[in-house]
Amino acid sequence: MEPWRSYDSIADVYDRLMVPYVFAQPAKDLVSALRPPAEGILLDVGTGTGVCATVARQRIAPAGTVIGVDPSLGMLRLAKREGLVVAGVVPELPFRDGMFDAVLASFVLSHFRSYQTAMLDMARILKPGGKLGVTTWRLDKSDCRQLWQETAESFVGKEELARASREALPWEEWFSDVTHVKEALEMAGLATIEMERRDYSVNMPVSDFLAVRDISIQARFVRERLGVERWQHFRETMAKRFYTHFGEIVEDVRQAYIAVGAKPSSSM
């Protein structure tokens, strides 16, 4: 089964918890860095439940157009509340060459089997002078995510968990290096590249943090590996360790890179 299909079953929790805690502020920062034209046509690749598309639509409304594309129908079911969505995959985006003034790819580069072909496909649909904006995570772990990781490894093994992560997110580690983000944009023929690092800190109840982790790619692997009874034991163990170590509230700190590149005015 393609890894993205597992997102169908988690869309509701993703939208309720992960969007406000994890993705909302980076989405605002990415759209601000991209500076899409007010009357432009913008594509949000890997739109999920539409967080970036919503921010972009607010910025370029009412004259501009925003389209969200994602392979997960479960995610698109929620994203369609915010406007036009399309089911599709990258590469082979179902759009003609030079159609868009701007393209967003928020935390999706690590998912592609070949980031090179994905980047070229996104550059293909940009108009000359159009911009592609991307975000990627650094892999530094806050104390709460480190404790979750160590506990998960104690149940399924460090190497098994790492292997499952690499299979689902083959380029996550590679794109945690900012020089590789720039290299990918340049490889796609983009220029005038602007890059910055942003730090994000959020306080949340332990129950919400664990609910967010329960729908992560790693947790989905752990659940499948353990079965129903051992999964319940895993969750009980995790909760006990978290409440003992942190109390009721955890601070989750993440670092992200925001990068924007422009397609040269002379078509590639």
**OP:** May I ask you to establish whether Arg220 and Tyr7 are in a cation-pi arrangement, using a distance under 6.0 Å from NZ or CZ to the six-membered ring centre and at most 45° from the ring axis?
**Re:** yes
**OP:** Spell out, as yes or no, whether a donor-acceptor pair under 3.5 Å connects the side chain of Ser32 to the backbone of Asp29.
**Re:** no
**OP:** May I ask you to check whether over 12 heavy atoms, not counting those of Glu183, lie within 6.0 Å of atom CD?
**Re:** yes
Original post:
Shared ILVMFWY cluster between Val178 and Leu139, side chains joined below 4.5 angstrom?
Top reply: no
Original post:
Can Arg235 and Asp214 be counted as an ion pair, charged N to O under 4.0 angstrom?
Top reply: yes
Original post:
How about Lys127: does its NZ atom have over 12 heavy atoms from other parts shown lying under 6.0 Å from it?
Top reply: yes
**OP:** Test Asp12 against Arg16 for side-chain contact (heavy atoms from CB on, under 4.5 Å), laying out the working first.
**Re:** CA-CA 6 Å; Asp12 291 312; Arg16 178 171 59 87; over 6 Å; no
Subject >> Note: Glu172-Arg138 ion pair, threshold 4.0 Å (strictly below) >> reply: no
Subject >> Co-membership, hydrophobic cluster, residues Val134 and Met187, 4.5 Å side-chain >> reply: yes
**OP:** Step through the shown structure and confirm whether more than 12 heavy atoms of other residues, nucleotides or ligands are within 6.0 Å of CZ on Arg145.
**Re:** yes
**OP:** Determine the minimum heavy-atom distance between Leu210 and Ala239, stating which atoms define it.
**Re:** CD1-CA, 3.7 Å
Subject >> Verdict with supporting geometry, Leu132 and Leu185, side-chain contact (heavy atoms from CB on, under 4.5 Å) >> reply: CA-CA 8 Å; Leu132 170 62; Leu185 290 168; 4.0 Å; yes
**OP:** Check the pair Glu229 / Gln232 against side-chain contact (heavy atoms from CB on, under 4.5 Å), numbers first and verdict last.
**Re:** CA-CA 5 Å; Glu229 290 186 7; Gln232 185 59 34; 5.9 Å; no
Subject >> Donor-acceptor under 3.5 Å (Asp121 side chain, Glu92 main chain) >> reply: yes
Original post:
CD of Glu150: more than 12 outside heavy atoms within 6.0 angstrom?
Top reply: yes
Original post:
When the ring centroid of Tyr115 is compared with that of Phe175, is the distance short of 6.0 Å?
Top reply: yes
Subject >> ILVMFWY cluster, Ile249 and Tyr200 together (side-chain gap under 4.5 Å) >> reply: no
Original post:
Do the ring planes of Phe246 and Phe242 sit parallel (below 30°), tilted (30 to 60°) or perpendicular (above 60°)?
Top reply: tilted
Original post:
Does CD belonging to Glu39 count more than 12 external heavy atoms closer than 6.0 Å?
Top reply: no
Subject >> Arg124 side chain vs Leu93 backbone, donor-acceptor pair below 3.5 Å >> reply: yes
Original post:
Any Lys/Arg nitrogen of Arg198 or Glu196 sitting under 4.0 Å from an Asp/Glu carboxylate oxygen of the other?
Top reply: yes
Original post:
Where do Cys52 and Leu30 come nearest, in terms of heavy atoms and distance?
Top reply: SG-CD2, 4.2 Å
**OP:** Mind listing the closest non-hydrogen atom pair of Gly48 and Ala79 along with its distance?
**Re:** O-CB, 3.4 Å
Original post:
Quick one: do Phe107 and Val13 end up in the same hydrophobic cluster if we chain Ile, Leu, Val, Met, Phe, Trp and Tyr together by side-chain heavy atoms under 4.5 Å apart?
Top reply: yes
**OP:** Consider only side-chain N and O atoms of Gln218 and Ser216, and report whether a donor and an acceptor are under 3.5 Å apart.
**Re:** no
Original post:
Between Arg213 and Asp208, is there a salt bridge with N-O shorter than 4.0 Å?
Top reply: no
Subject >> Test side-chain contact (heavy atoms from CB on, under 4.5 Å) applied to Asp44 and Ile67, step by step >> reply: CA-CA 6 Å; Asp44 181 24; Ile67 300 171; over 6 Å; no
Subject >> Modelled atom types, side-chain donor and acceptor of Asp70 and Ser72, under 3.5 Å >> reply: no
**OP:** Identify the two heavy atoms, one from His111 and one from Pro170, that lie closest to each other, and give their separation to 0.1 Å.
**Re:** O-CD, 4.0 Å
Subject >> Pair Arg241, Thr151: side-chain N/O donor-acceptor within cut-off below 3.5 Å >> reply: yes
**OP:** Output every pair passing ring pair (Phe, Tyr, Trp, His ring centres under 6.0 Å) with a member in residues 41-67, not counting sequence neighbours, ordered by first then second residue.
**Re:** none
**OP:** On the 0 to 90° scale, with breaks at 30° and 60°, tag the Trp137-Phe23 ring pair as parallel, tilted or perpendicular.
**Re:** tilted
Subject >> Trp148 reachable from Val253 in the ILVMFWY side-chain graph, under 4.5 Å edges >> reply: no
Subject >> Nearest atoms (heavy-atom pairs only) where Ala87 meets Leu73 >> reply: CB-CD2, 3.9 Å
